[in-house]
Protein chains: 2
Amino acid sequence: MVKIKDVADAAGVSTATVSRVLADKPHVRPEVKKRVMEVVESLGYRPNRVAQNLRSNSSKIIALIISDIENPFFQRVSRAVDDAAHELGYSVLLYNTDENPEKEKICLNFLRDENVAGVILSPTRQAINNLADTSFLDMPMVIIDRHVSDLDVDNVVIDNVKSAHTITSHLIEHGYKRIAGIFGIGSTTGRERREGFVRALKDHDIKPIPDLIKYTNAREEDGFNTAMKMFQTQERPDAIFTSNSLLAAGVLLAIRENTMTIPGDIAFASFDDTTWGKLLDPALTVIEQPTYEIGRTAAEMLIKRIQDPKRSNREVVLNTKLIIRQSCGCLED
Amino acid sequence: MVKIKDVADAAGVSTATVSRVLADKPHVRPEVKKRVMEVVESLGYRPNRVAQNLRSNSSKIIALIISDIENPFFQRVSRAVDDAAHELGYSVLLYNTDENPEKEKICLNFLRDENVAGVILSPTRQAINNLADTSFLDMPMVIIDRHVSDLDVDNVVIDNVKSAHTITSHLIEHGYKRIAGIFGIGSTTGRERREGFVRALKDHDIKPIPDLIKYTNAREEDGFNTAMKMFQTQERPDAIFTSNSLLAAGVLLAIRENTMTIPGDIAFASFDDTTWGKLLDPALTVIEQPTYEIGRTAAEMLIKRIQDPKRSNREVVLNTKLIIRQSCGCLED
DNA sequence: GTGAAAGCGCTAACAG
DNA sequence: CTGTTAGCGCTTTCAC
C-alpha cells in the first residue's frame, strides 16, 4: 500500500507538501504541485481516510437512519439524500432500525464512535427522548418525517394533521359515515395523522367510533390483522383510511380475504403514493408526500450545518398533495 | 471526550492494560479487570473506532452494494444481511449504485479507502471486469445475484436459466404461443434468464420472435416503454414474461394503458414475488427467489472469509419456486 | 501480569 | 513557499 511518505520521497518533497497539494491548500508553487500530482497519479496513491479522519477529526460521511427499508417513502428519501450528498462531496451510510428504539440507540452510538460528520434520522417517539439525555446531539443532526420540539436540531416535515384532515374530509363529503382509521403507533406521525382524521370527523359532526380507530405497528401484517378484526365485528366500516402504504397493503389483503369490493363494499384511502397503488383496480386515492424533496432538503440542511455548526436551526414544512383515484368511489359522481 | 488514557489514570493502570481488558485478552488479573471495567462504566468510556481501525488495520464494518434500492429483491436481501451481520458483531453500510458502473467503481474505491472489512456486491457485467483489473479483490468479497467465473470470490446465486425455463414452459404448456420476454440489459442475470426463456421455446418447437424478445434497463419506465412499443406492432404477443418486478410493474401499467385484460387479452408472468403482486387482480404468477436466504448466506460467507482469508472460495446455488396464480390463465383449466 | 514506548498514516503548527 | 515536528487515540511488541 502506497502512503504519503512514498509520494513525498518520489517527488523529492516533504509529506507536508504532498498533503497541501492534495488538500488544494495555497502556498505551493505550481510546478511543485504539478510534479506531486504526477507522482500521485503514477503511484496510484490514495489517501488513507481512516488516518485523515483520526488526525483531522472529521469525515465526509453522513448517515441516514430509516425505520423501514421496505417502506417506499424511505426508499425515495434515501435516493434523494444520496443524490444531494454526492453532489456536495459526501458519502452516505444507510441504517435500518425497524422502528426499534434499542437498535436506534445502538446505531447512534456506533455512528458517534465512527465519527461520522452528521446524521439524518426519523426517530421513534421514544428515541426523541433518548436524544436529549445522551450526548448524541453533539453530532449535527436533522430529523425528518417526525416532529420534534425543544431540541437543537433541524427538522423537515409535512403537515400531517392538515393532510389527514384533507383526505378524511374528502371521504366524508362523498357520503361515507362509518370511517375507520389505522395509524402507526411508534411515531409522532401516526399520532398527528390520527388527530387530523378525528378532527375532520368532528368538523363534519360525525361521532368517531372508537372500535374503528386503531393504533398498530406500521407494517403490512399489522394492517392485515387489524383490518381482519374490524371486519369481524358488527361495526363494519363503510370506508377505511390507513396512515402509510404498508398498512394499506395489509388492509387491502384483508379486504380481498373477505371478498369485499372497493369502493362498493368499502371505500379506501391512504397516505403515500406508490407504483402499485396506481396499478390496482381500483387505483388508490392517496396523500402524496414530496419524498424526494424531503430527502434533498434534509441532506442539504445537514451539510450546511456541518460546515457551519453554529447556524441557527430551522424547521421546514413541505406541502402534500391529495390524489383522487377510484378507490374512494368519488369519481363516480 | 474521554479517552483510554483517562481510564488508565482513573484505574491506576497503564493504557496497555485497559486495552487488554477491553479486547478480552488473557493475562490480566481478575481484580484488575473488574476495576478497569468499573471505571470504563462510570466514565462512560467508548473506544474511538477510527483510532482502533488505524492502529490495528481492521474494522467491523461490511458493505452491501446494491444496484437498486427500489427493487424489492434487494430490500429483502438487505434486511437479511443486516440481521446476519449484527448477530456476528458487524455493522453494515448500504450503498446504492443505480446499476451504474461508474458509481460502482467510486463506491468500491471509497470502501477500500475507508478500510471496510469486506463487501457484498451485485455487480454489473462491466464491473465484473473492473474487479479483475484493479486491486479491489484485496478486500474479501462475495458476489450475489450475478454470476462470475474465474474470479477469486465467493458467489451466491440461483439457477436463472432453469428458473426462466420452468416458468416459460408453464406458459407454453397452457397454450400460449406468441410469448414476449423483457430482460435487464446490465446484468448477467438478464442474459441467463433470456437464455432459459429462449431454450424453453425451442424445447417446445416454438420459433422465437425477435421483435418480442427485448433487452432494456431494468426499471419500471423501461418496462412500460418497451411494452408500449410491442403493443403497437402487428406482432402482438399473447403472453408476456418479465425478468424482474420493476419491469413487471411497467409492463402492467402499459397493459392497463392499452385497456387490455389479463389473462384474457394477454397472459403475464414474472420473476420475483412481491406484496403487491398478490394484491393485484388477477394475482401474478411468478418465480419466487429465496431472497432472505441469499442475503443471510452471503453475509455469513463473507464474515467467515474475513476471519479466514485463505479459505477456499465457493459458489452456492439456491433454489427458486414457481408460484402459480391467476395472471397466466392457467388456473382456469 | 503489567508498563513503557513505538508507531498506524496523516495533518497542522511552527520555523525557516 | 516548504520542511520539521508533534501528535490524533489506540494496539502491540518488548522488557521487567
Side-chain angles (χ1 to χ4, degrees), chain A residues 1-40 43-61 109-117 135 138, chain B residues 1-40 43-61 109-117 135 138:
Chain A
M1 187 196 185
V2 28
K3 50 190 80 163
I4 200 169
K5 186 74 170 47
D6 301 328
V7 177
D9 291 351
V13 297
S14 73
T15 61
T17 299
V18 177
S19 179
R20 282 188 195 104
V21 170
L22 262 35
D24 217 24
K25 291 256 168 78
H27 311 308
V28 183
R29 265 185 310 160
E31 63 194 84
V32 173
K33 180 166 180 171
K34 180 153 169 293
R35 182 150 40 92
V36 170
M37 288 304 247
E38 281 166 7
V39 174
V40 165
L43 261 46
Y45 169 70
R46 323 203 82 235
N48 180 324
R49 298 281 170 209
V50 179
Q52 282 186 325
N53 185 346
L54 178 61
R55 178 60 233 233
S56 63
N57 196 33
S58 75
S59 74
K60 290 286 226 174
I61 304 180
N109 269 317
F110 170 80
L111 294 172
R112 186 175 41 192
D113 297 345
E114 293 287 347
N115 198 32
V116 301
S135 58
D138 294 351
Chain B
M1 187 197 182
V2 27
K3 52 189 76 161
I4 200 169
K5 186 75 170 50
D6 301 327
V7 176
D9 291 351
V13 297
S14 73
T15 60
T17 298
V18 177
S19 179
R20 283 190 194 102
V21 170
L22 261 36
D24 217 24
K25 289 256 168 77
H27 311 308
V28 183
R29 264 184 311 163
E31 61 193 87
V32 174
K33 182 166 179 173
K34 181 157 170 288
R35 182 149 41 93
V36 170
M37 288 305 246
E38 281 166 8
V39 174
V40 165
L43 260 47
Y45 169 69
R46 320 204 85 233
N48 179 324
R49 298 280 170 211
V50 179
Q52 281 185 325
N53 186 346
L54 177 62
R55 177 59 231 234
S56 63
N57 195 34
S58 74
S59 73
K60 290 286 227 175
I61 305 180
N109 269 316
F110 170 80
L111 294 172
R112 186 175 41 195
D113 297 345
E114 293 287 348
N115 197 33
V116 301
S135 58
D138 295 350

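Quick note on labels: first sequence line is chain A, next is B, and so on, each numbered from 1.
- Computed from coordinates, the B/Arg35 CZ to C/dG1 P distance equals 15 Å when rounded to whole Å.
- Nearest-nucleotide positions on DNA chain C place B/Thr17 closer to the 5' end than the other of B/Thr17 and A/Ala51.
- Salt bridge B/Asp24/B/Lys33: present, at least one basic N to carboxylate O contact under 4.0 Å.
- To the nearest angstrom, C1' of D/dC8 lies 11 Å from CG of A/Asn115.
- Taking atom CG on B/Asn48 and atom P on D/dC10, their separation rounds to 5 Å, with Å as the unit.
- For A/Arg55, the side chain to side chain contact (heavy atoms under 4.5 Å, CB included) criterion is met by no residue, not counting sequence neighbours.
- Nucleotides of DNA chain C nearest to B/Leu54 and B/Val13 differ in position, and the one nearer the 5' end is that of B/Val13.
- Residues B/Val50 and A/Glu114 share a closest heavy-atom pair of CG2-O, 3.7 Å.
- Contacts of A/Tyr45 classified as ring pair (Phe, Tyr, Trp, His ring centres under 6.0 Å), with partners at least two apart in sequence or in another chain: none.
- Straight-line distance from the CG atom of B/Asn57 to the P atom of C/dC10: 12 Å, rounded to whole Å.
- Contact detail for A/Met37 and A/Leu22: the closest heavy-atom pair is SD-CD1, 4.4 Å.
- Set against C/dA5, C/dA13, D/dC10, the side chain of A/Ala16 has C/dA13 as its closest nucleotide.
- Using a 4.0 Å cut-off on heavy atoms, the residues of residues 20-33 of chain B that approach DNA chain C are B/Arg20, B/His27, B/Val28, B/Arg29, B/Val32, listed by number.
- Summarising the geometry, the separation between CG on B/Asp9 and P on D/dC10 is reported as 13 Å, rounded to the nearest angstrom.
- The distance from atom CZ of A/Arg49 to atom CD1 of A/Ile61, rounded to the nearest 0.5 Å, is 9.0 Å.
- For B/Pro47, the listed nucleotide lying nearest its side chain is D/dC10; candidates were C/dA12, D/dC10, C/dA5.
- D/dC8 atom P lies 19 Å from atom CD1 of A/Ile4, rounded to whole Å.
- At a threshold of 4.0 Å, the pair A/Glu38-A/Lys34 counts as salt-bridged, since one of the basic side-chain nitrogens sits closer than that to a carboxylate oxygen.
- Projected onto DNA chain D by closest heavy-atom contact, B/Lys5 and A/Ser14 fall at different nucleotides, the more 5' of which corresponds to A/Ser14.
- Nucleotide C/dC8 holds its C1' atom 10 Å from the CE atom of A/Met1, rounded to whole Å.
- One can place CD of A/Gln52 at 14 Å from C1' of C/dC8, the figure rounded to the nearest angstrom.
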